[in-house]
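Encoded as structure tokens, the structure appears first; notes follow it.
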Amino acid sequence: MTVVSQDDVTGESWEHVTLGQRVLFGTGRAAAHVAAEVDRLGARRVLVVGAAFPEVTAGLDVVARVADVRQHVPVADAERARAMAAESRADLLVSVGGGSTTGLAKAVALTTGVPVVAVPTTFAGSEATNVWGLTEASRKTTGADDRVLPVTVVYDAALTLSLPTELAIASGCNALAHCVDSMWAPRTDPIDQALAAEGIRALSGGLRLVRADPGGLEGRERTLYGAYLAAVAFSSAGSGLHHKICHVLGGAYGLPHAATHTAVLPYVLAFNAPAAPEAARRITAALGGDLFSLYDELGAAHSLRDTGLARESLAEAARLVLPAVPPSNPRPAGESDLLTLLTAAWNGDRPEWSLA
Ligand code: NAD
């Protein structure tokens, strides 16, 4: 009999955690789905986070509403919203808005434990992760805690129709970045990669439809579906090189979230692809071509210069990113590599690598 010792085992081994939440997808059904969830959860005192789309919560017993939402969840805003939740004795938070709004609801859930029903109106994907973020004095702190994972996500593509096309495309590219980075992020596994590949297919197809017919629902629906897959993959796989770069740029220079992700993504893909050929092949197949050509088709803004980053900041940015580079990145990235990558992204030139 052959005895296999632990040291001899060299086969595949991985761990995947699936986060538990209910997803209700229905175009034009947000108000009905939210009302059904409030009933199912037995909630009596709803605190609404976000001022947009009041029709979604119009039929509920709302005890208070946090209308003022700013980007990156300033700590002072979180404290104010937590005080409102305590004073109103809220037993459910219903957030209606983009990633900033979902983020504010998560900040309340983090300290109060009050559950969240999230109604996203962009493609940022925060609703499907257990990650929270807070900002104080230009420093962003993030963490993972299952209390902030919305118990239910209510997707209604009709709510995204009012997103201006440029913002819809940048937000969709932010979701594409979740997928691409999930292919090599530190905790990536085959399930994340399968979700990411299907996410890329849905997002690239959906965004092409959004560009061709900005008022049409089908493109918004496919993009919203892809945004959910992207966020589930990202939540499990963690932050890869792309997210580390964008986190530093957003925090240090206050750059707009979705536009920064859009600008950086083609350059991280071009940098990592030669060292991750299987991931690159799957990404290219799911995109139906190379990423830069898709950007051309979509008219996506792909220059860091356009996000407001000063050229003089690039060297400092490369220094700041260096300690955050994941050791598991497919290709080692030193300071000069990062500066080259950031400079190319700032110039917005077509990256040299292309599989297609
Ligand atoms: P956002 O929520 O700040 O929204 C961007 C702009 O779009 C805002 O002016 C908002 O009012 C407007 N808007 C939103 N929905 C609209 C609609 N349907 N029609 C018209 N205008 C609309 O931006 P975002 O890109 O959705 O989210 C970015 C934030 O989310 C960042 O702070 C980011 O860190 C966070 N985020 C967190 C996670 C996570 O897992 N925790 C994941 C992704 C993003």
Side-chain angles (χ1 to χ4, degrees), residues 19 21 27 30 49-56 67-75 77-78 95-107 109-110 116 118-135 138-150 153-179 181-182 185 199 210 214-215 217 220 223-224 227-239 242-244 246-251 254-262 307:
L19 299 176
Q21 68 179 178
T27 302
V49 182
F53 304 105
E55 66 276 18
V56 172
D68 194 18
V69 176
R70 290 182 290 164
Q71 264 214 80
H72 304 310
V73 195
V75 168
D77 293 14
S95 66
V96 186
S100 301
T101 307
T102 313
L104 183 55
K106 284 174 151 184
L110 180 66
V116 179
V119 187
T121 63
T122 67
F123 309 119
S126 175
E127 66 280 358
T129 83
N130 61 359
V131 176
W132 55 266
L134 285 165
T135 307
S138 297
R139 289 190 53 143
K140 188 166 182 181
T141 314
T142 59
D145 190 315
D146 284 351
R147 271 183 308 181
V148 310
L149 177 75
V153 185
V154 171
Y155 284 116
D156 181 344
L159 302 181
T160 72
L161 281 175
S162 52
L163 270 176
T165 310
E166 303 311 317
L167 190 51
I169 288 188
S171 189
C173 290
N174 180 194
L176 262 182
H178 292 326
C179 295
D181 222 22
S182 291
V210 168
L217 275 169
R220 308 274 169 165
T223 307
L224 203 49
Y228 170 73
L229 297 178
V232 173
F234 167 63
S235 185
S236 167
S239 290
H242 171 85
H243 280 81
K244 294 295 183 187
C246 292
H247 186 87
V248 166
L249 294 178
L255 305 185
H257 181 82
T260 304
H261 277 269
T262 306
T307 65

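Computed from heavy atoms alone, side chains included, the values below leave out hydrogens, waters and symmetry copies. Fair warning: this is a prediction, and the values are worked out from it, not measured in the lab. Numbering of ligands and ligand atoms starts at 1, following listing order.
Within the 3.5 Å criterion, the main-chain N or O of A157 finds a donor-acceptor partner in the side chain of T160. For T135 (side chain) and H72 (main-chain N/O), a donor-acceptor pair under 3.5 Å exists by modelled atom type. Side chain of S236 to main chain of V232: no donor-acceptor pair is present (N/O by atom type, distance under 3.5 Å, no hydrogens or angles). Looking only at distances, no side-chain donor or acceptor of T307 sits under 3.5 Å from a matching main-chain atom of T260. Judged purely by atom type and a 3.5 angstrom limit, S171 uses its side chain to pair as donor or acceptor with the backbone of F123. Of the possible polar contacts, none joining the H242 side chain to the H178 backbone as a donor-acceptor pair under 3.5 Å is found. For the pair K106 (side chain) and V131 (backbone), a donor-acceptor distance under 3.5 Å is present. Formation of a donor-acceptor pair under 3.5 Å by the Q21 side chain with backbone atoms of P150 is found in this model. Side-chain N or O atoms of N130 include none that pairs as donor or acceptor with a backbone N or O of A144 at under 3.5 Å.
Protein heavy atoms come within 4.0 Å of atom 38 (C) of ligand 1. The protein reaches atom 17 (C) of ligand 1 closely, with a heavy atom under 4.0 angstrom from it. For atom 32 (O) of ligand 1, the nearest protein heavy atom lies under 4.0 Å away. The nearest protein heavy atom to atom 9 (O) of ligand 1 is not closer than 4.0 Å.
Residue S100 comes nearest to Q71 through the heavy atom pair OG-CA, 3.6 Å, listed as atom of the first residue, atom of the second, then distance.
Proximity of V49 to V96: side-chain heavy atoms (C-beta onward) are nowhere separated by under 4.5 Å. Annotation: side chain of R220 is in contact with side chain of L163 (closest heavy-atom distance under 4.5 Å).
From the protein, the heavy atom lying nearest to atom 36 (N) of ligand 1 is S126 CB, 4.1 Å. Scanning all protein heavy atoms for the shortest distance to atom 6 (C) of ligand 1 gives L167 CD2, 4.0 Å. Ranking the protein heavy atoms by distance from atom 1 (P) of ligand 1 puts S100 OG, 3.4 Å first. The closest protein non-hydrogen atom to atom 4 (O) of ligand 1 is T122 CG2, 4.4 Å. Residue, atom and distance of the protein heavy atom nearest to atom 44 (C) of ligand 1 are H257 NE2, 3.6 Å.
Distances below 4.0 Å separate heavy atoms of F53 from the following atoms of ligand 1: 18 (N). Under a 4.0 Å criterion applied to the non-hydrogen atoms of G99, ligand 1 contributes the atoms 2 (O), 24 (P), 26 (O), 27 (O), 29 (C), 30 (O). Atoms of ligand 1 lying under 4.0 Å from at least one heavy atom of T129, given by number and element, are 39 (C), 40 (O), 41 (N). The ligand atoms of ligand 1 that sit less than 4.0 angstrom from a heavy atom of A124 are 24 (P), 26 (O), 27 (O), 42 (C), 43 (C), 44 (C). Contact atoms of ligand 1 toward G98: 2 (O), 26 (O) (distance under 4.0 Å to a heavy atom of the residue).
At a 3.5 angstrom cut-off on N or O pairs, V131 counts as close to ligand 1. Checked by distance only, ligand 1 and W132 stay at 3.5 Å or farther apart across all their nitrogen or oxygen atoms. For the pair K140 and ligand 1, the shortest N or O to N or O distance falls below 3.5 Å. Ligand 1 has an N or O atom lying under 3.5 Å from an N or O atom of S162, backbone or side chain. Taking any N or O of T121, backbone or side chain, at least one lies under 3.5 Å from an N or O belonging to ligand 1. For a threshold of 3.5 Å applied to N or O pairs, the pair formed by T101 and ligand 1 contains no separation below that value.
Under the salt bridge (charged side-chain N to carboxylate O under 4.0 Å, His left out) criterion, the residue pairs touching residues 154-169 are E166-R211, with sequence neighbours excluded.
Checked against salt bridge (Lys or Arg N to Asp or Glu O under 4.0 Å), D145 has the following partners two or more places apart in sequence or in another chain: R147.
At a 4.0 Å heavy-atom cut-off, ligand 1 touches L163 through backbone and side chain alike. The part of Q71 lying near ligand 1 is the side chain, judged by heavy-atom distances below 4.0 Å. Only the backbone of L159 comes within 4.0 Å of ligand 1, judged by heavy-atom distances.
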